[in-house]
Structures are given as C-alpha cells and as structure tokens.
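Computation of the quantities below employed the complete heavy-atom set of this structure, encompassing side-chain atoms and omitting hydrogens, waters and symmetry-equivalent molecules. Residue numbers start from 1 in every chain, and the chains themselves are labelled A, B, ... in the order their sequence lines are given, proteins ahead of strands.
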Amino acid sequence: MKLSQLVGQRLKEAPRDAQTASHIFLIRGGYVRLVSAGLYTLLPLGRRITRKIEQILREEMDRVDGQEIRMPVVLPAELWEESGRYAKVGSELLRFKDRNGKDMLLGMTHEEAVVQVARTELVSYKQLPSMLYQIQTKYRDEARPRAGLIRVREFTMKDAYSFHGSQDCLEKYYERCHEAYVRIFKRIGLKQCLSILSDSGMMGGAVSHEFMAIADCGEDTIFASPDGSYRANREVAVAKLAFAKDAPLPLNKVHTPGCKTIADVAAFLKLSPAQTCKAVFYKDQDNKLVFVCIRGDLEVNEAKLRKAIQCPEIDFANDELIRAAGTVPGFASLLGIDAKKIRVVVDPSVSESSNLVVGANEEDHHMLNFNFARDAAGREHIMITDIATVREGDPCPLTGQPLQALKGIEVGNIFQLGTKYSAPMACNYLDQDGKSKPMIMGCYGIGVGRAMAAVIEQCHDDYGPVWPMAIAPFQVHLIGLNINQPEVRQACDNLYQSLLDAGIDALYDDRGEKAGFAFADADLIGVPLRLVVSPKTLAQSQVEFKQRNWGKRSELIALDGVLPFVQQQIQELMALCRPDTPTA
RNA sequence: CGGGGCGUAGCGCAGUCUGGUUAGCGCGAGUGGUUUGGGACCACUAGGUCGGGGGUUCGAAUCCCUCCGCCCCGACCA
C-alpha cells in the first residue's frame with residue numbers, strides 16, 4: 001500500500017472528546033471515525049487490524065473444534081420471547097417493527113438464535129459436544145458509550161456457543177476454551193490480560209470468567225492477591241476480614257447529639273468506624289424496604305446485595321419508608337426491629353463482631369456493645385451473607401495477603417450457561433438411553449474492536465500505538481526521503497516491489513514529505529518495523545532500519561540484505577506473541 | 001435516567017458576559033515557488049445553515065424560549 005493513497009487522515013491534534021490513549025490515537029492515526037455516539041466507521045487501517053484479530057480468533061476457535069456460522073443481526077422478537085429475555089432485557093435491546101408490524105430486534109447476543117440452530121441440527125448425543133461460533137455485528141443501545149472503541153453501541157463480536165450432553169463435558173470443554181482465550185490474547189499482543197472470576201449477571205449460569213486487559217482507563221475493578229492465586233471482579237470479590245471477638249459487654253445507651261453518620265459517631269465516641277455498625281436502607285422494585293447492616297468502615301456492594309436478595313433493581317429508600325419500619329434515620333439499628341416483617345440482610349462483619357456501636361432507634365442516641373447473637377431479635381429470619389465491598393489492602397480470602405486493586409478492560413468472557421436457554425427453548429437431544437434431554441451450554445465472547453483498543457492502551461508511547469507484529473496494519477513501513485531525486489525514487493520503488501514480491505505486507509510512504517512529517521505519521525501508524533531510504537543511506541548502499549519501540553535509535557543495514565533481514569525481524573517479533581508460554 | 005460541560009471551516013480554538021459593518025486565528029487542504037533527517041518557509045486560493053427551530057430587536061454567533069447532538073461523572077450493562 002502506498003501511503004499517498006491510504007484513506008484516513010492523520011491529525012496533528014485530537015478532537016477534544018478523546019481522552020484515553022486508544023481513543024486519541026485511533027482518531028489521530030486515521031483508524032476510525034465517529035458516526036454517532038458509540039457508532040464508528042473503521043477506516044482501512046482499523047479494518048486491517050481487526051481483520052488480523054478476527055483471523056486469530058478463527059484459528060483458535062477452529063482449534064477447539066469450533067465451526068463458523070453466521071446468524072442474522074435482525075431477529076424476530078418471538079425467538080426472544082421463548083427464552084423470556086424479550087420481556088426481561090431493558091432498553092439496551094433495540095426493538096422495532098418491520099413493515100408488517102411484526103416485532104423485531106437487533107441482536108445484542110445470540111443465544112436464542114444459536115439455540116434455534118442447535119435444536120434443529122443437533123438431535124443425537126452422537127453429535128455432541130459441538131461448538132458453533134460467528135464473528136458478527138452486535139448492537140446494544142448503551143446508555144453511555146465511552147472512550148472511543150472501549151464502549152460502543154455497535155461492534156463486532158466473536159461469539160461462540162458450545163453444546164454438551166453432560167455438565168462434566170461442559171466443564172472440560174470450558175477449560176479448553178479458557179486455554180484458547182489465553183492463547184488468543186497472547187497472540188494479539190496484550191501484555192497483561194487476566195482471567196478473573198466474575199458475576200455472571202443476567203447471563204445466568206454458575207461459573208464464568210472475564211478476561212481483563214489491565215489498563216488504567218478500564219471500567220472494571222479487579223482485586224488480585226500479589227501471588228496471583230486469587231483475582232476477582234469487584235462485584236464478587238471477597239476478603240478475609242478479621243472481626244473483633246471480645247467478651248460481650250452489656251448494652252448501654254449513650255447520648256450522641258446530632259451524630260447521624262458513622263464518621264460523626266466514631267469521632268464523638270472516640271472509636272474507630274470499625275467499632276460501629278452502619279444501617280443502610282434500600283428499596284426493591286416493589287418499593288419494599290430492605291434493611292442492610294454492615295460494619296461501619298465497610299461499604300455495601302450493591303451487586304452482591306442484588307444477587308443475595310434476588311432483586312435486579314434496588315435503590316436507596318427514602319426517610320418515609322425507613323420511619324414506617326419503626327426506625328429512626330441516622331440512628332437506626334436492628335434493636336427493636338421485627339425481622340419477620342422487614343427484609344433484613346446482615347453482613348458477617350456485623351454478625352461476627354463483638355460490642356459494636358449501633359443506633360438506638362431513638363433520636364440523638366446510640367447503643368454501645370451490640371452483639372448480634374445476643375441482641376438481634378428474630379435472628380432466624382435474618383439473612384446473613386457477605387455484601388461488603390472489598391477495599392484495596394483487605395486480606396486475600398486464600399492467602400491473607402493484602403489485595404491489590406487493578407483496573408481492567410473486559411475484552412472477553414466465558415460462561416457455563418447450563419440449561420438456561422436450552423431448557424425453556426426445548427433445545428433437546430436424544431441420549432443413549434433414548435430419552436430427550438436439554439443440552440448443556442457454554443458461551444464465549446470476545447469484542448474485536450475493544451480488543452484493538454485495549455492493545456493500544458497497553459502498547460503505545462507519546463507518539464502513537466506500537467502495534468504487535470501479529471495484528472499490525474502492515475509489517476514494514478518504508479519511507480523514502482528526498483524521493484524527488486530520481487535515483488532515490490527508483491531505489492524505493494524497487495525495494496517496495498521486492499518486499500511485496502517476498503510476501504511482506506509493506507506500507508510505502510512515497511509522498512516526498514519532510515523527514516519529521518513522515519516520521520510523525522509513521523509513529524501514528526505504529527508499524528513495528530521501519531525502513532528509511534535517503535540519498536545519504538543510498539550513497540553507502542544502505543538502508544536505515546528501526547523498530548517502532550526503539551525511540552530515536554536506528555541502525556544501518558546493507559541494501560542488498562534487506563529482504564532476509566526484514567523476514568527475520570518479522571519472525572522474531574511474531575515469536576513475542578506466540579501462545580506457547582501462557583501467562584494468564 | 002440523574003449531575004456537569006460543550007456545540008463557531010476537516011481538526012484545535014477566539015469572539016458570546018457588555019447585541020452593531022465584510023465572523024477571526026492556528027493546523028489541515030489546493031496552486032506556485034523556495035526547502036528537505038523528527039510535524040519547514042513565502043505568496044495566493046478555496047472552505048462557515050455560528051447545532052436546529054421559534055422569539056425579542058432597526059440589527060442576534062452574542063439576549064430569551066425550545067428542541068437536538070456530543071463529551072465527562074454517576075446509575076444501568078449479555
């Protein structure tokens with residue numbers, strides 16, 4: 001490709017909107033262009049990269065016996081009604097009617113569609129296990145697209161679905177897919193990508209992992225032990241906190257004028273927040289009160305709470321609702337509360353700590369020395385479960401070491417779905433015993449554009465992306481300086497042609513721009529290998545060579561040895577992305 | 001959906017508060033010339049529904065009303 005013909009302007013300045021490295025460089029380098037919020041056109045450079053990523057995905061999916069298919073983006077609502085998701089999913093699902101008034105939708109994921117394939121094409125246990133995948137457009141009407149390609153509304157996703165005759169088979173296959181994912185992210189050049197335990201959310205199913213590209217701009221928080229043995233999404237992470245276990249002292253009411261917050265109470269009584277108990281009030285979608293107790297220094301993890309009480313939507317309760325339950329906002333506690341009438345959730349930090357300060361359910365008063373086992377009435381009706389948000393430095397549940405907090409971009413996920421879709425949608429097969437059984441399913445997704453953006457987040461310098469060889473838009477960037485001199489033009493043309501003839505993917509800057517201008521563009525395009533030909537180098541029958549990540553350093557190589565040299569460099573850089581040595 | 005910010009040429013911005021002729025500047029683009037190793041220089045040229053609509057006014061980019069769009073934070077998120 002000649003740079004003079006490449007579509008996609010490089011920009012000296014980024015649009016003000018762009019704030020993260022990947023967003024800035026994708027725009028400045030001419031990889032993508034915004035069409036509307038969360039909708040992007042991939043320009044040639046961006047498309048070249050995503051094609052290479054897609055090819056890696058194909059190879060790795062085929063390697064775990066996947067078969068590529070293609071399902072429609074537009075799907076009939078009736079299919080989603082079968083699984084129950086048509087009613088369940090909110091406005092993230094784009095619904096519309098076709099000309100006949102039939103309810104349709106844009107696929108945000110394809111469990112229903114693939115189940116329809118499986119239940120007609122896979123009928124016997126002899127055909128299982130089986131895995132189908134596609135690389136295709138998804139649409140999600142995101143409330144808030146952000147950070148360029150990190151969070152968009154329309155995107156290309158590799159989505160794969162496996163079908164099994166037994167849980168055991170699913171679990172074994174899930175492991176293979178996990179390994180395939182480790183290989184994939186290594187191959188596309190991510191430097192740090194961790195698989196973590198995750199909250200499977202509305203996707204359902206028991207076990208799931210998210211693959212997180214570690215990056216400061218990531219939306220997810222991950223807690224990891226220093227030795228890597230434990231890592232989990234903040235939504236599900238747990239810590240092994242130590243609780244005070246002193247001999248219970250008698251309850252004792254104290255006057256705490258105006259002390260409505262934990263900070264007030266702790267300061268007034270000269271205690272640490274960890275010696276207090278916090279009462280937090282939520283309401284569910286039916287406007288019913290949920291009374292939550294947690295140690296004063298901890299925060300409620302709403303994702304855990306939602307899961308614990310099996311309630312997808314919760315919000316803070318207003319004072320009216322709190323008072324109606326017989327408590328006093330700011331001075332509320334379990335004391336005198338009838339747990340039979342109100343839903344109460346207590347974190348172990350409260351049920352297992354001794355002598356906490358709690359509200360007295362009386363204006364301007366608190367109670368010292370609350371002990372759950374002694375003082376909470378109707379304990380048998382109270383749900384005791386971990387609903388605490390893990391903090392950086394909290395002890396790891398496995399090793400006890402202080403947990404580290406990392407930010408990550410979710411570039412892929414894998415789920416053990418079980419029969420969540422196959423059972424309601426009658427996706428059955430005939431087993432050896434002649435009985436019809438629902439298939440056990442797994443699903444496996446990777447966002448292609450997001451993966452590209454994540455690579456930039458991890459691989460860039462001040463001047464632009466530093467593409468890993470495996471997904472670079474080109475393998476070699478050839479620049480001709482003073483190319484208006486016929487002998488330079490000739491030498492460059494010849495070298496370019498011989499690179500192409502050798503099967504090397506070369507970009508040729510034939511524009512005759514000034515050196516600085518050409519170099520700045522080359523940095524933005526981020527091709528891993530660069531060759532510069534100029535009258536100076538030509539006079540010695542040499543070519544200047546550098547790798548993209550060498551900064552200003554370069555070396556001279558003989559013109560007649562360029563081809564084998566470049567081929568070897570490509571091999572060496574490709575080797576850096578070989579999946580042989582899994583890291584995650 | 002809640003909070004905040006922004007919308008003037010392809011990109012970055014000034015002008016808006018305090019209304020007043022032909023709406024400017026830098027980058028980018030085109031032509032000609034001089035240049036040529038880390039975003040050169042000179043001259044000329046093209047490029048604008050000042051986000052849309054309505055209103056106030058002799059006069060609106062500027063004031064008022066309204067709608068739309070984009071970004072950031074939060075909520076939500078297979």
Give one of base, sugar-phosphate or nothing for [X], where a contact means two heavy atoms less than 4.0 Å apart.
X: D159(A); answer: nothing
X: A143(A); answer: base
X: A147(A); answer: sugar-phosphate
X: R511(A); answer: nothing
X: N413(A); answer: nothing
X: T537(A); answer: base
X: P535(A); answer: nothing
X: S91(A); answer: nothing
X: Q19(A); answer: sugar-phosphate
X: R144(A); answer: base

* If each of A520(A) and M157(A) is mapped to the nucleotide of RNA chain B with the nearest heavy atom, which maps nearer the 5' terminus, i.e. the 5' end? ->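 Nearest nucleotide further toward 5': that of A520(A).
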
ask   = Taking the nucleotide of RNA chain B with the closest heavy atom to each, which residue, A18(A) or E142(A), is nearer the 5' end?
value =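 Result of the comparison: A18(A).
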
Taking atom [atom2] of [N] as reference, at what distance in whole Å does atom [atom1] of [X] sit?
X: W550(A); N: G37(B); atom1: CH2; atom2: P; answer: 22 Å
X: L538(A); N: G37(B); atom1: CG; atom2: C1'; answer: 15 Å
X: L11(A); N: C11(B); atom1: CG; atom2: P; answer: 9 Å
X: H23(A); N: C71(B); atom1: NE2; atom2: P; answer: 7 Å
X: R10(A); N: G28(B); atom1: CZ; atom2: C1'; answer: 12 Å
X: D509(A); N: G37(B); atom1: CG; atom2: C1'; answer: 13 Å
X: R33(A); N: C70(B); atom1: CZ; atom2: C1'; answer: 16 Å
X: F519(A); N: G39(B); atom1: CZ; atom2: C1'; answer: 12 Å

Given the [atom1] atoms of [N] and [M], what is the spacing between them in whole Å?
N: C50(B); M: C25(B); atom1: C1'; result: 16 Å
N: C73(B); M: C63(B); atom1: C1'; result: 31 Å
N: G48(B); M: U22(B); atom1: C1'; result: 14 Å
N: C67(B); M: G3(B); atom1: P; result: 14 Å
N: A40(B); M: G52(B); atom1: C1'; result: 42 Å
N: U62(B); M: U21(B); atom1: C1'; result: 16 Å
N: G51(B); M: G5(B); atom1: C1'; result: 16 Å
N: G24(B); M: C65(B); atom1: P; result: 30 Å

**Request:** May I have the step-by-step check of ring pair (Phe, Tyr, Trp, His ring centres under 6.0 Å) for Y421(A) and H110(A), ending in yes or no?
**Result:** CA-CA 11 Å; Y421(A) 293 91; H110(A) 278 69; over 10 Å; no

Nucleotide by nucleotide, nucleotides 44-52 of chain B touches protein heavy atoms under 4.0 Å in the pattern (B base, S sugar-phosphate only, - none) ---------

Locate the shortest heavy-atom distance separating S422(A) from P438(A); write the atom from each residue and the value.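 Looking at all heavy atoms of both residues, the shortest contact is OG-CB, 4.1 Å.
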
What's the closest nucleotide to the [X] side chain, out of [options]?
X: L524(A); options: G39(B), C11(B), G37(B); result: G39(B)
X: L481(A); options: C71(B), G37(B), G38(B); result: G37(B)
X: E13(A); options: A40(B), G38(B), G26(B); result: G26(B)
X: E544(A); options: C72(B), C70(B), G37(B); result: G37(B)
X: R146(A); options: C72(B), G69(B), G38(B); result: C72(B)

Cation-pi check, K158(A) onto Y181(A) ring (under 6.0 Å, within 45° of axis):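 No, a cation-pi geometry is absent between K158(A) and Y181(A).
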
Exercise. Can R95(A) be said to sit on top of Y86(A)'s aromatic six-ring, NZ or CZ under 6.0 Å from centre and within 45° of the ring axis?
Worked result: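 Ring-cation test returns yes.
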
Taking a pair as Watson-Crick or G-U wobble with both distances under 3.5 Å, which nucleotide is matched to [N]?
N: C1(B); answer: G74(B)
N: G38(B); answer: none
N: C6(B); answer: G69(B)
N: A43(B); answer: U31(B)
N: U18(B); answer: none
N: C11(B); answer: G26(B)

Side-chain heavy-atom pair [X], [Y] within 4.5 angstrom cut-off:
X: D510(A); Y: Q5(A); result: no
X: R530(A); Y: E544(A); result: no
X: M425(A); Y: L79(A); result: yes

Report yes if a donor N or O on one partner sits less than 3.5 Å from an acceptor N or O on the other, where the partners are the side chain of [X] and the base of [N]; otherwise report no.
X: K546(A); N: G38(B); answer: yes
X: D523(A); N: G38(B); answer: yes
X: E513(A); N: G37(B); answer: no

Donor + acceptor pair across side chains of N301(A), E235(A) (<3.5 Å):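 N301(A) vs E235(A): no donor-acceptor pair found between side chains.
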
**Report entry** Between E171(A) and Q167(A), a side-chain donor and acceptor under 3.5 Å
**Finding:**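 There is such a pair (donor and acceptor under 3.5 Å, judged by atom type) between the side chains of E171(A) and Q167(A).
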
Are [X] and [N] close enough that a side-chain N or O sits under 4.0 Å from OP1 or OP2?
X: R306(A); N: C76(B); value: yes
X: S534(A); N: U36(B); value: no
X: R28(A); N: C11(B); value: no

For the pair [X] and [Y], name the ring-plane relationship: parallel under 30°, tilted 30 to 60°, perpendicular over 60°.
X: Y174(A); Y: H209(A); answer: tilted
X: Y173(A); Y: Y444(A); answer: perpendicular
X: H178(A); Y: F211(A); answer: tilted
X: F25(A); Y: H460(A); answer: tilted

Using the side chain to side chain contact (heavy atoms under 4.5 Å, CB included) definition, which of the options M439(A), M131(A), E111(A) pairs with Y161(A)?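 Only one of M439(A), M131(A), E111(A) forms a side chain to side chain contact (heavy atoms under 4.5 Å, CB included) with Y161(A), namely E111(A).
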
- prompt: In residues 455-466 of chain A, what residues come within less than 4.0 Å of RNA chain B, judged by heavy atoms?
  reply: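 Residues of residues 455-466 of chain A under 4.0 Å from RNA chain B: none.
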
